[in-house]
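Step one of this worksheet: look at the structure below.
Counting starts at 1 for both ligands and their atoms, following the listed order. Basis for what follows: all heavy atoms, side chains included, without hydrogens, waters or symmetry-related copies.
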Amino acid sequence: MTQATGAPGTIEAAFSGRIGAFALDAAFSVPARGVTALFGPSGCGKTTVLRCMAGLTRLDGRCLVDGDVWQDARQFRPAHRRPVGYVFQEASLFPHLSVRRNLLYGAPLVPPPRSIAFDEVVRLLGLAHLLDRGPHHLSGGERQRVAVGRALLSQPRLLLMDEPLSALDRATKDEILPFLERLHGALDLPVLYVSHDMAEVERLADRLVLLERGRVLACGPLAALQSNPDLPLATTRDAAVSLDGIVESYDGADGLIALAVRGARFLVPAPPGEIGARRRLSIAAGDVSLALEMPRASTILNVVDARILSVTALRSHEMTLVLGLGADGAGDRLLARVTRRSFVQLDLRVGLAVHAQVKGVALAAAGSPPAGVSGA
Ligand SMILES: Nc1ncnc2c1ncn2[C@@H]1O[C@H](COP(=O)(O)OP(=O)(O)OP(=O)(O)O)[C@@H](O)[C@H]1O
């Protein structure tokens with residue numbers, strides 16, 4: 001178990017105990033900034049951990065947020081005294097109050113220093129044109145945006161989001177995700193985000209706490225866990241790795257941006273990107289094939305140098321390879337899925353320099369919210 005020290009700048013949590021037949025024994029320590037996703041299969045304990053953090057469920061353990069003790073062996077701060085914003089699966093807005101009054105419900109009368117301003121929340125979540133409406137006249141996505149806004153205006157020091165998009169259909173999720181991405185960029189507020197949807201996690205999260213059957217399997221930066229062959233993420237059928245890159249150039253004629261990651265440069269179909277802006281790529285293991293010689297003529301745009309760092313047999317006919325980008329293999333990690341036959345025929349092995357042909361490269365994050373609803 002991680003030893004809690006209560007260091008400023010970190011969130012340290014360790015909870016153990018039983019709820020009915022379920023046993024939780026989960027400990028993790030993450031920076032008190034950015035978005036940390038609690039990820040794992042249904043029933044692994046994600047919501048229980050979040051409820052323990054909020055003080056809504058009481059199990060033995062510790063909870064220290066940015067140097068502040070919320071729970072340890074001697075004390076347990078009750079839920080109403082913990083500065084958390086909690087966003088649930090279903091937005092539970094007050095039906096008789098307007099959006100404006102829902103947003104302000106729970107906001108402190110005297111905002112603390114460095115508080116999140118009403119106008120800022122309205123702008124970030126695109127709520128300006130909805131302020132005088134009642135919740136019955138909102139779409140599911142709009143209701144959830146109001147719920148997020150209300151949580152932010154309670155001036156939390158930690159935002160807890162429990163599958164906030166899971167009750168929404170795909171199109172509505174896609175509509176709301178850019179707003180959440182924008183919040184992440186604009187606000188200096190740590191977020192613990194529960195999800196079992198990796199596509200959502202790839203768009204929003206900086207790091208992962210990976211849970212399985214009430215225990216923490218691993219905790220760390222998203223890409224590091226995705227590319228760790230000892231963890232289940234790397235061996236699922238749709239295994240993929242997220243890479244954070246910097247926009248180097250934009251080719252308007254072909255609609256491609258050049259994105260530099262550690263050890264490689266990828267051309268990605270994307271709208272114009274500001275030079276120097278950060279963008280996240282997602283590359284599926286199944287979209288990466290290997291060649292020992294540089295292909296001379298191919299429709300594949302992205303062929304990058306890499307080295308094989310590890311090899312894991314997956315099923316009887318398939319292998320998962322972890323690649324290090326760059327001629328020396330010291331750059332970012334990538335996963336490649338190859339057949340056992342090709343693996344043997346090419347005599348692939350750890351340490352070998354290869355050319356990784358990447359068939360599908362997509363931006364994990366779309367960037368800006370839909371036009372016309374910015375609320376500006
Ligand atoms: N009040 C309760 N009484 C008994 N068992 C409970 C209670 N609350 C949760 N559990 C059990 O604890 C386990 C963990 O539940 P939890 O909701 O934390 O999982 P989860 O990972 O968030 O799942 P999901 O992704 O499906 O929401 C489950 O097996 C659940 O049935």
Side-chain angles (χ1 to χ4, degrees), residues 1-2 11-30 35-63 65 70-71 76 78-80 82 84-92 140-141 143-144 147-148 151 156 158-170 172-174 176-177 180 190-220 222 225-226 228 231-240:
M1 263 209 198
T2 315
I11 295 171
E12 304 199 14
F15 305 109
S16 63
R18 299 191 79 86
I19 301 178
F22 177 71
L24 184 78
D25 186 5
F28 60 89
S29 172
V30 293
V35 179
T36 299
L38 300 185
F39 184 81
S42 184
C44 68
K46 303 181 293 293
T47 296
T48 306
V49 169
L50 224 55
R51 289 179 59 84
C52 288
M53 302 280 312
L56 295 169
T57 294
R58 184 169 185 169
L59 296 179
D60 286 345
R62 304 179 301 263
C63 180
V65 177
W70 293 4
Q71 178 180 352
F76 181 86
H80 67 275
R82 298 190 187 198
V84 299
Y86 208 127
V87 180
F88 300 91
Q89 259 177 42
E90 306 264 0
S92 51
R143 268 199 295 277
Q144 202 52 302
V148 173
L158 174 63
L159 184 61
L160 303 174
M161 303 181 90
D162 192 353
E163 308 226 28
L165 306 184
S166 67
L168 306 175
D169 59 38
R170 187 76 252 170
T172 312
K173 272 189 196 189
D174 287 343
I176 199 169
L177 271 163
L180 299 186
V191 180
L192 288 186
Y193 190 100
V194 163
S195 180
H196 55 241
D197 178 350
M198 186 40 90
E200 216 172 288
V201 168
E202 282 194 314
R203 285 181 69 158
L204 297 173
D206 303 303
R207 65 193 79 81
L208 270 189
V209 175
L210 197 58
L211 285 157
E212 194 178 81
R213 289 194 288 262
R215 290 176 173 269
V216 174
L217 273 188
C219 169
L222 173 63
L225 268 56
Q226 286 178 311
N228 181 340
L231 296 175
L233 292 177
T235 49
T236 56
R237 177 145 294 289
D238 49 1

#### Entry: Verdict with reasoning, K173 to D169, per salt bridge (charged side-chain N to carboxylate O under 4.0 Å, His left out)
CA-CA 6 Å; K173 272 189 196 189; D169 59 38; over 6 Å; no
### Query
Just distances here: any N/O of C44 and N/O of ligand 1 closer than 3.5 Å?
yes
### Message
Checking the N or O distance criterion of under 3.5 Å, is ligand 1 in contact with G45?
### Response
yes
### Summary
among protein heavy atoms, the one nearest atom 16 (P) of ligand 1 is T48 OG1, 3.6 Å
#### Entry: Euclidean distance, L38 CG relative to M53 CE, rounded to 0.5 Å
8.5 Å
### Message
Quick test: of every protein heavy atom, which one is nearest to atom 1 (N) of ligand 1, and how far off is it to 0.1 Å?
### Response
I19 CG2, 3.8 Å
#### Entry: Closest to atom 26 (O) of ligand 1 among G40, C52, S42, P41 (heavy-atom distance)
S42
### Message
I'd like to check atom 6 (C) of ligand 1 in this structure: does the protein have a heavy atom lying under 4.0 Å from it?
### Response
yes
#### Entry: Within reach of ligand 1, part of R51 (heavy-atom separation under 4.0 Å)
neither
## Note on the structure
If you scan protein heavy atoms around atom 17 (O) of ligand 1, the nearest is T47 CB, 3.5 Å
### Task
Considering heavy atoms of the protein only, find what lies nearest to atom 28 (C) of ligand 1 and give residue, atom and distance to 0.1 Å.
G43 O, 3.9 Å
### Message
For L50, run the side-chain contact (heavy atoms from CB on, under 4.5 Å) check against L56, L160, T57 and tell me which one passes.
### Response
L160
### Summary
Nearest heavy atom to atom 25 (O) of ligand 1, choosing from Q89, K46, R18, belongs to K46
#### Entry: Element-labelled atoms of ligand 1 that are located less than 4.0 Å from some non-hydrogen atom of E163
25 (O), 27 (O)
### Query
Out of L208, L217, V209, which residue meets the side-chain contact (heavy atoms from CB on, under 4.5 Å) rule with L225?
L208
### Query
Which residue owns the protein heavy atom closest to atom 11 (C) of ligand 1, what's the atom, and how far is it?
F22 CB, 3.9 Å
### Message
Let me confirm one number: the CD1-OG1 distance from I11 to T36, rounded to the nearest 0.5 Å.
### Response
6.0 Å
### Message
In the complex you have, is atom 3 (N) of ligand 1 within reach of the protein, judged by whether a heavy-atom distance drops under 4.0 Å?
### Response
yes
### Task
To the nearest 0.5 angstrom, please state how far the OG atom of S195 sits from the NZ atom of K46.
8.0 Å
### Task
Decide whether the shortest distance between a heavy atom of G214 and an atom of ligand 1 is less than 4.0 Å.
no
### Query
For residues E90 and Q144, is any side-chain donor paired with an opposing acceptor at under 3.5 Å?
no
### Query
Could R207 and F39 be counted as a cation-pi pair, given that NZ or CZ must be under 6.0 Å from the ring centre and within 45° of the axis?
no
### Message
Between E163 and Y193, is there a side-chain donor-acceptor contact under 3.5 Å, judged purely by atom types and distance?
### Response
no
